Amino acid sequence: MKEILRRALTGVLYVILLLSAIFLNSDAFDFLFMVFGLACLYEFKRLTHLKGYYIFIAYLGLWWAYIYLVSDKALITLLMLFTITINLALLAFLFSKKEKSFNTLQKFVIALFYIGGGCIFLTMIPYKNNDFAQFLIMGIFILIWVSDTFAYLVGKSIGRTKLYPSISPKKTVEGALGGLIFALVAAYFLAQYETTLTLNQWFILATVIVITGGLGDLLESKFKRMAGVKDSGAILPGHGGILDRLDSLVFAAPFAYLTLNLFSYVS
């Protein structure tokens with residue numbers, strides 16, 4: 001009972017912090033995710049035994065450049081494509097049956113673009129034409145939260161078919177499908193309040209986020225399994241580390257950013 005209360009309290013405080021940053025102002029949101037990015041990098045660094053502190057300097061430089069200095073769409077597209085390429089390579093690693101070890105340079109590149117690039121695009125998503133789309137980014141968080149919550153509930157109640165037992169034994173196919181269905185229901189209601197996207201666009205965005213977010217969750221589970229740990233950290237009582245909370249969003253962010261840009265191009 002104490003564990004449930006601790007998890008609930010931590011979860012509520014996390015959501016309050018997140019929503020406060022979103023609705024306070026864009027600078028608060030930017031700063032929060034810069035800090036979240038540093039925390040995720042620290043935890044990933046421990047998981048992979050990446051030595052040195054150069055990764056933090058590289059991340060801060062890249063984050064500062066792309067959030068405050070770079071406005072050239074070609075440079076943003078280049079970072080997005082490079083980040084997505086790294087993520088796709090990591091998916092090959094996720095589903096590979098072979099043992100894989102990374103050298104220091106590979107760990108550095110993975111950390112910078114999988115974690116750093118993901119946090120950068122998560123920060124960039126709500127910005128369009130110098131406007132800060134508060135309800136859009138809140139909607140993306142809601143989609144992930146709904147998907148995660150109902151994937152757990154559906155999986156626990158009717159889950160029978162294991163999704164990827166060698167990496168995450170408790171996840172089921174039924175849970176994953178339940179998470180997607182309820183995320184689509186949430187997308188329907190979000191479309192009534194955030195009308196910058198059409199209903200069909202919300203459905204597409206929800207599908208992209210749930211699928212890539214689920215893959216991101218599995219990917220982090222593989223890194224943890226390789227490291228022989230249950231959680232990436234212990235900063236959030238009852239929930240583990242920051243990366244444990246953001247693994248889905250960090251991986252999904254560049255794909256969501258690409259999807260939103262395709263919507264703008266098509267429309």
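Counting from 1, the numbers follow the sequence of the chain as shown. In this text the structure is predicted, and so the values were computed from the model without any measurement.
In terms of modelled atom types and a separation under 3.5 Å, the side chain of K100 and the main chain of F93 share no donor-acceptor contact. A donor-acceptor contact shorter than 3.5 Å links the side chain of E43 to the backbone of L243. Under the 3.5 Å distance criterion, the side-chain polar atoms of Y66 are left unmatched by any main-chain donor or acceptor of F121. Looking only at distances, a side-chain donor or acceptor of E194 sits under 3.5 Å from a matching main-chain atom of T196. Panel note: side chain K224, backbone V229; no donor-acceptor pair is recorded below 3.5 Å. Without hydrogens or angle criteria, Y42 side chain to F56 main chain gives no donor-acceptor distance under 3.5 Å. The backbone N or O of G52 sits less than 3.5 Å from a side-chain atom of K45, completing a donor-acceptor pair. Of the possible polar contacts, none joining the S147 side chain to the L143 backbone as a donor-acceptor pair under 3.5 Å is found.
Evaluation of the ring pair (Phe, Tyr, Trp, His ring centres under 6.0 Å) rule for F251 yields F255 as partners, not counting sequence neighbours. The ring pair (Phe, Tyr, Trp, His ring centres under 6.0 Å) search around F31 returns none, not counting sequence neighbours. Take F36 and apply the side-chain contact (heavy atoms from CB on, under 4.5 Å) test, not counting sequence neighbours, and it matches Y14, L17, L18, L32, F33, I242, L246.
Ring pair F102/F223 is tilted by interplanar angle, where 30° to 60° counts as tilted.
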Please lay out, stage by stage, how L197 and L260 fare under the test side chain to side chain contact (heavy atoms under 4.5 Å, CB included). CA-CA 9 Å; L197 299 181; L260 289 167; 3.9 Å; yes

Might you work through the side chain to side chain contact (heavy atoms under 4.5 Å, CB included) test for I67 and M34, ending with a clear yes or no? CA-CA 10 Å; I67 299 304; M34 180 193 72; over 6 Å; no

Can L79 and L62 be said to form a side chain to side chain contact (heavy atoms under 4.5 Å, CB included), step by step? CA-CA 10 Å; L79 177 63; L62 193 67; 4.2 Å; yes

Go through I140 and L249 one step at a time and tell me if the side chain to side chain contact (heavy atoms under 4.5 Å, CB included) criterion holds. CA-CA 9 Å; I140 287 173; L249 278 166; 3.9 Å; yes

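Atom CZ of F135 has 12 or fewer neighbouring heavy atoms from other residues, nucleotides or ligands inside a 6.0 Å radius.
Here side chain to side chain donor-acceptor pair (under 3.5 Å) pairs that include residues 18-37, with residues two or more places apart or in two chains, are D30-Y127. Applying the ring pair (Phe, Tyr, Trp, His ring centres under 6.0 Å) definition to pairs two or more places apart or across chains, those involving residues 152-196 are F95-Y164, F150-F182.
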All N/O donor-acceptor pairs, side-chain side in residues 167-176, below 3.5 Å, sequence neighbours left out:
residue: S168; atom: OG; partner: K171; partner atom: NZ; Å: 3.2
residue: K171; atom: NZ; partner: D217; partner atom: OD2; Å: 3.1
residue: T172; atom: OG1; partner: G175; partner atom: N; Å: 2.9
residue: E174; atom: OE1; partner: R160; partner atom: N; Å: 3.1
residue: E174; atom: OE1; partner: T161; partner atom: N; Å: 3.0
residue: E174; atom: OE2; partner: T161; partner atom: N; Å: 3.3
residue: E174; atom: OE2; partner: T161; partner atom: OG1; Å: 3.0

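Checked against a 6.0 Å centroid threshold, the rings of F108 and Y54 do not count as neighbours.
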